[in-house]
Amino acid sequence: MIADARPLQPEFVPGDVRHRDGEIDALTSALEPVLEGRHADPVLLHGPSGTGKTCIARYALEKLRGEVVDLDTQCVNCWEDYTRFKTLYRLLEGVDRALDVHRQSTPRDELLDRLRDATDSPYVVILDEVDQLEETDVLYDLHRTRNLSLVLIANAERELFADLEGRVTSRLTTAMRVEFARYGVSELVGILEDRARWGLQEDAVTDGQLRWIADSAAGDARVAIGTLRAAAEAGEREGLERLTDEVVHDAAPKAKAEIRQKNLEKLTDDQRALYDIIDESDGIRPDALYEVYCTRVDDPRTDRTVRNYLKKMRRYNLIEPEGRGKARQYSAVS
DNA sequence: CCTCCACTGGAAGATCGGGAAG
DNA sequence: CTTCCCGATCTTCCAGTGGAGG
């Protein structure tokens, strides 16, 4: 069934990207100064999830690496590395200067100084999900780092700027914006055809099945590819030569359940207790939630901390709030 | 329209654990 | 060993928000 698992992985970057010629052109022309060893102005890629922002950014960097000697690149996922320290540490890793920073008692902002020392050749940096960054002042410092070019990726442009510090915003107003729209069904089918051709045995999946997956993914390529992968894995387990419609239709919820399970494993015991309470309820008000929480765990945190936990679980898309103000209720995402 | 109040999340300080310096 | 400093996490305090109900 599966001939090559890599094209079915979410982080796979194809050698030839479909349906995004305009966006690629815009990004590569924005990065053109790097070809001459200068640093490029920041570029902001924005649009809904699964529209190819990360893929196109990685693709453009790959191409750039082929054309520029002494080019360093790094991709930081700010959703995981959401503090100043972690972001800078990741950037130092990209230029192999993070080796002895394991010690925590490095003087304040030694990381930034070190990064500035290290970047004597062009360094192009992707900050993915930059709207998840909590200490946005690091953007200001990076913007002022010689030889460092920023490619920022965010879902919602407006929300991003609302969260940014004033001095960061003013620097980024000149940034080139590239907007990514949702894929149409036929575009998604095209993407899936490629992945199926590269990753699956011949004739493992029909055009109709790919169309069904594309349809159910609602313009999100990540969901579509994840569904195809879940279907292929299920087919492999069952020893099928060709996917049946039933396996394909079961794969969509399975792909989502896998993501949720992975996120649940990242929660602490306290957070997990909160999730369980919300999951058992059919919509619960915050004060009632906290009350139950205090009876469930031995050493309950304060309500403020619990609110931070809720924020985190919302980011993981595990729970969702309904209503505002006093009418607020939390429920688990099904 | 106005007030109340549950809810929200920013800011600042305390605490914890780990590692380095003395 | 103790002391100091770091990032991460938690607590304390509090101002802002917007439904609910007068």
Side-chain angles (χ1 to χ4, degrees), chain A residues 76-94 97-118 127 129-142 154-156 158-169 263-275 277-279 281-333:
Chain A
V76 181
N77 187 331
C78 299
W79 192 67
E80 285 158 10
D81 300 321
Y82 53 87
T83 65
R84 175 191 183 84
F85 180 85
K86 282 179 177 168
T87 301
L88 289 174
Y89 185 86
R90 195 67 75 188
L91 292 180
L92 281 170
E93 276 185 341
R97 293 290 289 271
L99 293 172
D100 53 341
V101 189
H102 303 296
R103 52 187 192 161
Q104 302 208 324
S105 56
T106 38
R108 194 171 240 310
D109 263 342
E110 156 119 23
L111 270 64
L112 183 62
D113 293 339
R114 207 184 258 248
L115 182 65
R116 287 181 169 159
D117 285 346
L127 296 183
E129 311 206 41
V130 68
D131 44 343
Q132 298 295 333
L133 200 59
E134 288 188 355
E135 288 153 287
T136 56
D137 57 337
V138 71
L139 292 177
Y140 176 78
D141 293 324
L142 291 177
N155 285 336
R158 190 180 300 169
E159 285 169 32
L160 171 65
F161 279 98
D163 288 343
L164 290 182
E165 260 188 74
R167 57 176 188 170
V168 182
T169 314
N263 286 335
L264 277 176
E265 283 162 13
K266 290 181 194 159
L267 299 180
T268 64
D269 290 349
D270 279 55
Q271 293 160 1
R272 185 56 195 259
L274 279 169
Y275 176 81
I277 296 165
I278 296 170
D279 191 33
S281 77
D282 190 33
I284 187 167
R285 301 231 327 257
D287 58 344
L289 171 63
Y290 186 66
E291 224 168 273
V292 179
Y293 160 77
C294 287
T295 66
R296 290 266 185 106
V297 298
D298 290 337
D299 185 19
R301 311 282 106 182
T302 61
D303 60 338
R304 183 64 185 88
T305 299
V306 163
R307 288 203 289 280
N308 282 339
Y309 290 164
L310 293 175
K311 183 186 174 193
K312 178 177 173 183
M313 287 192 277
R314 231 164 16 175
R315 263 188 18 185
Y316 282 69
N317 200 29
L318 289 168
I319 62 170
E320 58 189 349
E322 290 161 44
R324 316 189 100 184
K326 286 166 133 186
R328 177 57 66 95
Q329 286 201 334
Y330 288 99
S331 51
V333 175

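A, B, ... follow the sequence lines: proteins, then strands. Residue 1 opens every chain.
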Which residue, A:A288 or A:K311, contacts DNA chain B at a nucleotide closer to its 5' end, judged by nearest heavy atom? A:A288
Rounded interatomic separation in angstrom, taking CD1 from A:I284 and P from B:dC7: 11 Å
For C:dT9, take OP1 and OP2 only and decide whether either is under 4.0 Å from a side-chain N or O of A:Y82. yes
A:K86 NZ - C:dG7 C1' separation (whole Å): 9 Å
I'd like to know if A:R301 and A:D303 make a salt bridge, using a cut-off of under 4.0 Å between side-chain N and carboxylate O. no
Send over the distance from A:D81 CG to C:dG7 P, rounded to a whole Å. 15 Å
Atom-pair distance (NZ on A:K326; P on B:dT8), nearest Å: 13 Å
Measuring from atom OH of A:Y293 to atom CD of A:Q271, what distance do you get when rounded to the nearest 0.5 angstrom? 9.0 Å
Counting neighbours of CG on A:D117 that are heavy atoms of other residues, nucleotides or ligands and sit closer than 6.0 Å, is the number greater than 12? yes
d(CG, A:L112; P, C:dG7) in whole Å: 12 Å
Looking at A:D141 and A:R84, is there a salt bridge between them, counting it only when a charged N and a carboxylate O are closer than 4.0 Å? yes
Within 6.0 angstrom of A:R324 CZ, more than 12 heavy atoms from elsewhere: no
Do any N or O atoms of the protein come closer than 3.5 Å to N or O atoms of nucleotides 10-17 of chain C, and which pairs are they?
| from | atom 1 | to | atom 2 | distance (Å) |
| --- | --- | --- | --- | --- |
| C:dC10 | OP1 | A:Y309 | OH | 3.0 |
| C:dT11 | OP1 | A:T302 | N | 3.4 |
| C:dT11 | OP2 | A:T302 | N | 2.9 |
| C:dT11 | OP2 | A:T302 | OG1 | 2.9 |
| C:dT11 | OP2 | A:T305 | OG1 | 2.4 |

Could you please name the option among B:dC7, B:dG9, C:dG7 that lies closest to any side-chain atom of A:P286? B:dC7
Given atom CZ of A:R324 and atom C1' of B:dG9, what is their separation to the nearest angstrom? 14 Å
Across the strands shown, which category fits A:R285 at heavy-atom distances under 4.0 angstrom: base, sugar-phosphate, nothing? sugar-phosphate
Minimum side-chain heavy-atom gap A:M313-A:L310 below 4.5 Å: yes
Residue A:F85, side-chain heavy atoms: nucleotide from B:dC4, C:dA8, C:dT9 that is nearest: C:dA8
Just the rounded figure in Å: distance from P of B:dA6 to CD of A:E322. 21 Å
Rounded interatomic separation in angstrom, taking CD from A:E135 and C1' from C:dC6: 13 Å
A:R328 side chain N/O closer than 4.0 Å to the phosphate oxygens (OP1, OP2) of B:dG9? no
Interatomic spacing from CG in A:L133 to CG in A:D137 - rounded to 0.5 Å: 8.5 Å
